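Computed from a prediction, not measured in an experiment: that's the story for all the values here. Sequence lines set the chain letters: A, B, ... in the order given, protein chains first and strands last, and positions in each chain run from 1.
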Amino acid sequence: MKDNSRERFPESVAISGRRRETARQEFAVRARVLGLLRERGPLTVPEVALALGIPAPDALWWLMGFVRYNQVRASEKADDDGYYRYALVEVK
Amino acid sequence: MEENKRKIGVYICHCGGNISDHVDVEAVRRQVEEKYGVTVARTSMFTCSDASQNDMIRDIRELGLDGMVVASCSPKLHLTTFRNMSTRAGLNPFQYVQVNIREQCSWAHSDDHEGATCKAAGLVGAGIEKAMRQEALQPIRVTSVKRVLVIGAGIAGLRAAIELADLGVEVFLIEKEAAVGGQVAKLGEMFPAGKKGAELIATLLDEVKKRPGITLFLNAELAEKSGHIGEFELEIRIRPVAAPGTEETVRIQVGAILVASGFAEYEPKPGEYAFGQPGVVTLAQFERLLRESGERLLHDGREVKKIAFIYCVGSRQNAETEGGNRWCSRYCCSTATHLAVLARKKFPVARSYHFYRDMRSYGKFESLYEEAGKSGSVFLRFHEERPPRVERDGDSWLVSVQDLATGGDEVSVPADLVVLVTGMTARPNDGLTRVLKLPLGADRFYNEIHPKLRPVETVIDGVYIAGSCQGPKNAGESVVSSLSAVAKAAALLIKGYVDLQPFVAYVKADACAWCGRCAAACPYSAIEQVAYGDKEVAQVVDALCKGCGACLPVCPLDATQLKGYTDEQIEAMIDVLAREAAHEG
Amino acid sequence: MSDYRPRILVFSTENVSDPGIDLAGRNKMHYPAKVLVVTLPCSSAIKPRWIIHALAGGFDGVFIAADGSDCSYVADCTQRTAATVAAVQAQLREKSLEPARVKMAAVCSVCAESFQKHMVSFSEALRKMGPAQRGFSGTAAKVN
Amino acid sequence: MDYDVMVIGAGIAGMEAAVSLGDMGYKVLLVEREPSIGGKMILLSKVFPTLDCASCISTPKMAQAASHANIDLRVYSEVREVRGDGSGGFRAKVAQKPAFVDFAKCTGCQDCEKACTVTVPDEYNEGLVSRRVAHIAFPQAVPKKAVLDRAGTSPCTFACPAGIKANGYISLIRQGEFAKAFQLVLEDAPLVGSLGRACYAYCQRECTREEIGDAPHIRHLKRFVADWYYARHAEPEYGPPARKHDKKVAVIGSGPAGLSAAYFLALDGYPVTIFEADAEAGGMLRSSLPEYRLPKDVVDRDIRNVTALGVELRTATPVESLARLRRDGYDAVLVAIGTPKPKKLLVPGEDLPGVASGIEFLAEVACGQKIALSGKRVIVVGGGNVAVDAARTALRLGAAKVVLQYRRTRAEMPAFHEEIAAAEAEGVELALLSNPVAFAGDGHRLQSVRSVRMKTVGADVDGRQRTIPVPGSEYSADFDLAIVAVGLSAEAAALRQEMRLNRDGTVRADARTLQTESPWLFAAGDAVTGPAMIVQAIGLGKQAAFFMGRWLRGESLDNAEFAPQLPVVSHEEVLARQKDYPSLNVEKSERHPAERIKDFAEVDLPFTEAEALASAANCLNCGICSECQECKKACPADAIDFDQREKVDDYDVGAVVVATGFRLFPAERLANFGFGRFANVISAMQMDRLVAPTRPFNYVLRPGDGRTPANIAYVFCAGSRDRTVDNPICSRVCCMYSLKQAQLLLGALPVADVTIYNIDIRAFGKGYDEFYEQTRAMGVRFVKGKIARITEKEGGNLLVRYEDIDDNGTVREAEHDLVVLSVGIVAQDECRALFADAELALDETLFVAQPGKQVDPARTSIPGVFSAGTATGPLDIPDSILHAGAAAAQTAAYIEKMKRKT
């Protein structure tokens with residue numbers, strides 16, 4: 001028997017390095033993402049990714065972070081392809 | 001009137017801006033300050049701070065407050081804080097009312113300051129109305145006798161009795177049969193510990209005998225029950241071995257009852273997989289055969305070399321076409337693989353063939369399955385709609401199946417012995433069920449209140465269920481649940497009393513004209529019919545009432561009331577709320 | 001009439017729906033401020049009389065945030081509460097008031113979003129119906 | 001005995017055991033390492049087979065555990081050690097981890113969370129979304145208290161002698177909060193603009209990212225915020241603070257140390273007067289730093305940050321006598337007079353006209369004296385910053401040739417290497433391993449410099465290469481001007497007579513308090529340390545102000561800790577957090593050398609906003625918390641406490657219940673399945689979050705591109721029943737939780753297809769098989785299949801290759817748009833290490849062993865220690881709760897037995 005399951009199963013790193021980096025950059029891209037939504041209206045994740053030239057998983061990540069803190073709102077329904085649109089929440 | 005005037009203190013919290021940024025707390029304070037019955041109304045930056053609490057304590061003492069309202073955050077956060085503060089100050093803690101103007105007001109309406117302020121005033125006003133009509137309450141203390149009746153002296157009952165005795169609780173342990181041990185006593189080598197069932201039971205029985213606090217009655221059944229949690233009056237009927245045909249009745253008083261009445265093995269219907277014919281046995285019969293065989297594994301005088309196990313007999317049945325035992329019996333997969341391993345070990349010539357649907361060797365029992373495979377067992381999976389066929393083949397049997405693992409090819413296996421891996425069913429216990437009024441599930445096993453919240457409790461307060469009477473379990477699991485029931489029963493009895501929350505229902509006897517609707521509506525059988533003057537009325541047994549209020553809407557005369565939620569309180573609250581809501585601010 | 005804002009009384013339960021309503025607030029999910037909550041131990045306790053009292057006394061609608069299947073008191077909580085609602089709705093019909101003024105939905109401890117949506121849509125529905133008071137003109141309303 | 005029993009872990013089993021024991025009347029210490037109780041269950045969506053909401057089931061239990069009269073709850077705490085006490089009980093060490101939040105004050109309002117400037121993956125949402133570093137674990141947390149994640153002090157911040165929170169202002173810049181970033185620097189040092197240009201930036205050298213590239217340009221970012229702020233605020237936005245104290249302070253010297261001390265004392269509410277001998281304030285900042293590095297208007301603006309506080313600045317006012325100052329009514333005096341005196345080479349001809357000291361040369365240029373060097377040849381002797389500055393200044397004054405002469409190698413030049421490179425780029429020639437031996441002239445002026453070549457002869461005590469002259473290597477070269485910049489020392493000013501001095505002429509003061517032998521007299525800056533960096537002087541000024549304030553208020557200096565910091569985070573620790581570091585590449589830009597030597601305009605060009613954002617985005621947040629102070633400013637209850645530290649308490653407990661739970665199998669170990677590589681391969685726990693009402697996304701979406709999945713696959717036994725990954729046993733819950741999720745998914749996504757690849761369906765508990773049948777009836781597809789490999793197609797869909805068990809093991813492929821790995825459960829075996837003097841036996845899968853299996857389910861190998869719940873192996877929730885109940889009963893029996901013994 002090995003000594004410790006930490007060796008067998010090192011603490012799960014489900015939160016990969018990429019995620020941590022993506023998280024860190026959240027604020028740095030915030031103005032760009034919000035600016036884009038302000039300019040172009042509600043967009044889907046792939047549209048945001050394409051417009052800013054960033055990977056789609058990152059675009060999703062950032063949008064969800066903004067949704068969480070009420071800066072961005074998701075549409076009620078998905079479009080026919082299954083994508084929701086994300087709109088800027090205008091602060092009064 | 002004036003002398004009855006209540007003295008309510010009101011504290012409104014800023015929560016450092018979390019409330020006061022959206023609610024004009026000073027305006028709310030001014031508004032409630034003038035209310036009838038309000039002696040003092042203050043605001044505070046943080047009502048939960050020590051300083052504020054000390055102010056409240058001072059107010060309670062110096063102004064002789066008999067009611068307190070704090071309007072701050074959700075009661076989930078600070079109800080206990082302020083109840084404790086009230087207690088410290090000498091105010092009855094149940095005369096404290098928490099009003100939530102943060103989560104349900106300032107935060108929800110941070111977009112509407114006027115609306116939020118108006119609503120806060122309403123909510124605080126309603127809280128005051130509630131407090132004004134709130135009498136002082138004491139927790140309901142139910143005395144309990146430190147005795148438990150344990151029904152069933154199988155492994156679960158024996159183990160529970162020992163533990164209860166060790167916790168200083170006196171135990172009456174009754175067993176319907178003439179011997180203790182239930183199903184486990186009949187078993188040979190068990191998994192995973194490798195101990196024999198009989199040895200296990202003998203050890204437990206020794207422990208029982210060592211403890212003077214345990215009284216064991218064999219051939220005994222519960223005949224009558226009255227009373228309630230803490231104080232049940234019971235009648236035990238015993239058929240003495242010494243005097244067959246006679247009966248003896250023992251009356252005992254206990255605080256709780258623990259039912260560990262066990263299960264029954266599924267008995268295949270005649271013809272089910274050729275059951276009833278020679279060479280076709282149940283799991284328990286095979287276990288016994290294995291245990292009792294000497295040098296060679298013999299059945300009906302013939303040596304058994306090839307064994308066919310057919311799984312899920314009496315379990316996972318189709319409701320329409322089969323017996324309707326829809327449940328999985330949980331213990332049988334592991335037991336069958338365990339027995340196959342044992343058979344191989346004891347009789348190296350024995351080969352096992354397993355006809356199964358899903359191998360449910362859950363958790364660590366996976367190793368049994370692995371071991372069985374390693375020791376030569378062959379596993380053939382069948383589809384539920386195409387069960388194996390068992391046909392006579394000369395002296396032995398031929399078991400055929402469309403083996404799914406080989407793409408549905410028909411595979412036939414000759415077998416000297418066919419073992420039907422039979423499941424568990426509820427043990428018929430109509431008498432006990434009737435005496436205890438225990439609820440049964442669709443599967444006829446006893447039903448717990450909630451599998452996660454209260455897994456060993458029943459709707460009858462003070463009556464616990466444990467072991468396989470609640471559902472299929474192996475021996476170890478039965479013990480786990482019986483010990484769990486011990487913990488619950490001990491919590492109830494160990495102090496000699498139980499404090500129950502005082503917000504219980506009550507019946508206004510003058511208004512009541514017994515119709516029985518409330519009693520029927522009560523899920524806890526907490527309402528009795530009693531004489532009152534020259535009429536019959538309903539009465540709530542405080543000790544049984546959980547305070548859900550299910551009896552309120554059914555009373556045509558508004559005679560049933562719930563403390564803390566009386567018609568007067570609720571309607572006064574509604575009136576204030578309606579008035580504030582009417583403000584077009 | 002356009003700025004008429006319906007008043008809604010919500011009956012909620014301590015352990016199940018109240019935390020859900022709290023969560024809506026915590027998440028700053030806005031709904032009309034004319035939504036006021038009275039908390040009970042279990043939705044099976046709600047009396048038709050209270051609902052009528054509320055509608056007679058100035059509320060335009062009553063919403064029952066029911067325990068649903070998460071109730072820890074009463075196994076058939078939903079059916080019982082539904083029976084209460086049905087009884088009240090029958091009384092409303094007698095008064096020629098819309099039965100839809102009384103609404104019930106299960107709100108569990110994390111159902112913040114559904115609560116908010118219920119409040120917004122219920123409020124909108126009541127706005128279309130107009131004030132409930134007309135059903136209680138004259139003697140019916142005994143509000144102090 | 002402090003407690004009858006200690007329960008370790010407040011998941012569902014720990015809570016159940018604690019409540020049961022509490023109900024029995026025992027005093028319970030319930031220890032939970034997370035900030036909230038509730039364990040993993042509270043994070044689930046719904047629970048099988050009844051589909052109750054996990055939160056509705058858990059929260060009443062959590063409330064009960066938290067408010068139980070017999071339970072003392074310690075959240076965010078860790079048991080460090082348990083030792084037998086020799087009589088059946090135990091002695092436990094329990095550490096309260098610092099949350100940096102005073103729980104007694106926190107109201108759970110989340111204002112800190114909204115203000116926080118650092119985002120990290122949210123572990124409570126299985127990394128699917130971000131959360132802030134200041135956070136409340138999850139909405140149903142009990143207690144509802146905020147916690148700050150701090151790994152320690154970031155190396156940049158830790159390195160700064162002035163305690164400037166580099167990580168903090170970078171974090172604010174990244175947010176676009178330039179004004180706040182400026183304010184944060186200003187809180188630690190008044191001279192923001194000067195530091196943004198002329199600081200030697202220890203922070204930069206310590207930056208973890210220096211090792212892997214694309215480090216943020218820390219100092220340049222500071223300059224960026226100073227420029228940004230000064231451009232918008234020509235004057236400080238504040239005036240003098242309310243005067244809180246009457247005692248007056250005199251500061252002698254207006255260099256960085258004096259200004260800094262004056263600033264902090266004034267902020268503290270003291271009246272301060274600065275005495276400066278020179279005509280203008282600023283000390284070396286003004287006199288020796290050339291304009292092209294630090295424009296004078298920046299120095300002026302920086303100084304106004306100090307004077308705006310009402311600090312009186314008396315320039316051209318040399319102090320001759322400390323005693324006089326005391327008589328004039330100053331209660332305390334700070335000496336911050338620096339080291340203005342140039343050292344000499346002590347070679348012949350040094351006093352010739354045409355031989356100048358570096359510091360004087362720079363000062364003359366700085367105060368506007370016209371020095372024309374057109375066509376002249378200049379030699380600068382020395383390798384420090386003053387030397388380099390002098391050389392580059394000489395070039396800008398028109399010198400035809402500038403030689404920088406240094407007696408050691410280039411690597412050993414003490415000057416900032418960036419500056420040396422810039423000097424070379426501009427045309428300064430380096431004469432290394434060379435030393436002047438004489439200055440020769442015609443009696444009126446310098447004409448040539450005679451030098452000797454040097455060679456290295458091994459290292460001396462401080463590790464520097466020692467050099468000696470090479471015999472016979474003397475040579476001579478013609479120069480019009482020689483500038484000697486070989487160091488500075490203290491000046492023999494008159495008032496030095498009144499102070500105890502060290503041998504080297506520096507003022508003798510206590511290293512910690514900066515107090516001298518005369519209690520009212522403090523000293524700071526180069527006057528104490530000898531020549532040092534600006535930022536060091538600023539730091540000392542601040543330190544002196546701290547202790548002077550205390551002394552003036554009559555408070556003891558003995559136990560006062562100045563600017564306590566957490567230990568520094570190691571680079572290894574930071575780099576271990578992740579594997580790859582994508583970055584935004586930004587280079588700072590500068591004027592072309594040929595252009596810049598034509599005037600004294602700044603060499604470095606400022607960042608644009610976009611460059612600043614990008615550079616700041618590269619910061620790794622080594623401390624996790626950046627210490628930006630935004631939470632502290634936002635908290636209405638003043639609950640944030642950066643000085644909180646771990647506290648360890650000892651308790652005597654009668655018995656111990658180990659309810660430490662389990663861990664999920666790390667899915668990335670299943671290399672063939674692509675978890676962590678393919679965005680649309682997720683773990684079942686992630687799916688549970690996605691279907692939970694408190695979900696991380698607005699809906700059930702695939703993480704790859706936010707599309708609603710339409711064809712979802714479940715891979716069963718991912719990390720269970722698999723010897724190849726060292727976990728041979730069945731995890732017991734995965735079948736059922738997956739069935740539950742499938743049902744929830746079909747409810748949420750009515751058009752979706754769900755396929756379950758499984759070997760057996762282990763629906764064994766009460767109501768489970770019925771649930772399975774119900775799931776089948778709902779249309780979920782069950783395939784008996786072993787997954788061999790998952791590959792990702794373009795667009796994010798996944799190809800699942802499996803052996804079809806029902807078809808003779810034929811290998812097939814199917815396409816899905818989301819794959820869920822039904823990961824198993826493994827042991828959380830750290831609990832074993834807690835027991836110092838006894839062995840907590842584990843079974844072969846490292847779960848806590850149950851030696852009394854059949855009849856003593858909660859017994860462990862240590863008498864008095866019991867196990868509860870999944871610490872013993874995989875269990876579903878009902879079985880965990882039952883086991884916890886059994887643990888409570890057995891623990892109670894043990895306690896009773898011990899009581900009877902005594």
Practice task
Among the options D/Lys114, D/Met685, D/Arg702, D/Arg131, pick out the one with the most heavy-atom pairs lying under 4.5 Å from chain A.
Solution key: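 Greatest number of close heavy-atom pairs with chain A: D/Arg131.
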
Exercise for the section: Using a cut-off of under 4.5 Å on heavy-atom pairs, state which of D/Leu613, D/Asn621, D/Leu128, D/Val129 scores highest against chain A. Expected result: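 Looking at each option in turn, the highest pair count goes to D/Val129.
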
Exercise for the section: Given salt bridge (charged side-chain N to carboxylate O under 4.0 Å, His left out), test D/Arg209 with A/Glu21 step by step and report yes or no. Expected result: CA-CA 13 Å; D/Arg209 198 132 201 179; A/Glu21 198 78 32; 3.7 Å; yes

So for [X], is it side chain, backbone, both, or neither that comes closer than 4.5 Å to the heavy atoms of chain A?
X	result
D/Ala617	both
D/Val120	both
D/Leu701	side chain
D/Asn125	side chain
D/Tyr699	side chain
D/Pro703	both

Handout entry: Partner set under salt bridge (Lys or Arg N to Asp or Glu O under 4.0 Å) for D/Arg132, not counting sequence neighbours
Key =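 With sequence neighbours excluded, D/Arg132 shows a salt bridge (Lys or Arg N to Asp or Glu O under 4.0 Å) to no residue whatsoever.
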
Handout entry: By salt bridge (Lys or Arg N to Asp or Glu O under 4.0 Å) - contacts of D/Arg689 (at least two apart)
Key =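 Counting only residues at least two positions away or on another chain, D/Arg689 forms no salt bridge (Lys or Arg N to Asp or Glu O under 4.0 Å).
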
Taking atom types as modelled and ignoring hydrogens, do the side chains of [X] and [Y] form a donor-acceptor contact shorter than 3.5 angstrom?
X	Y	result
A/Asp79	A/Tyr84	no
D/Tyr581	D/Asn618	no
D/Glu113	A/Tyr69	yes

Practice task
If a pair satisfies salt bridge (Lys or Arg N to Asp or Glu O under 4.0 Å) and one of its residues is in residues 53-71 of chain A, list it, with sequence neighbours excluded.
Solution key: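 Checked against salt bridge (Lys or Arg N to Asp or Glu O under 4.0 Å) - neighbours excluded - the pairs reaching residues 53-71 of chain A are A/Arg18-A/Asp58, A/Arg68-D/Asp122.
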
Handout entry: CD-CD1 distance between D/Glu126 and D/Ile682, expressed to the nearest 0.5 angstrom
Key =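 Rounded to the nearest 0.5 Å, the CD-CD1 separation comes to 10.0 Å.
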
Practice task
Quick one: pull up OG1 in D/Thr660 and CZ in D/Phe847 and give me the separation to the nearest 0.5 Å.
Solution key: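 Atom-to-atom, D/Thr660:OG1 and D/Phe847:CZ are 10.0 Å apart.
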
Exercise for the section: Determine, step by step, whether D/Ser154 and D/Asn167 satisfy the side chain to side chain donor-acceptor pair (under 3.5 Å) criterion, reporting the C-alpha distance in whole Å, the side-chain angles of both residues, the deciding distance to 0.1 Å, and the verdict. Expected result: CA-CA 7 Å; D/Ser154 295; D/Asn167 194 173; 2.5 Å; yes

Problem - Contact residues of residues 26-42 of chain A (partner chain D; heavy-atom separation under 4.5 angstrom) - result: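 If one takes a 4.5 Å heavy-atom cut-off, the residues of residues 26-42 of chain A near chain D are A/Glu26, A/Phe27, A/Ala28, A/Arg30.
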
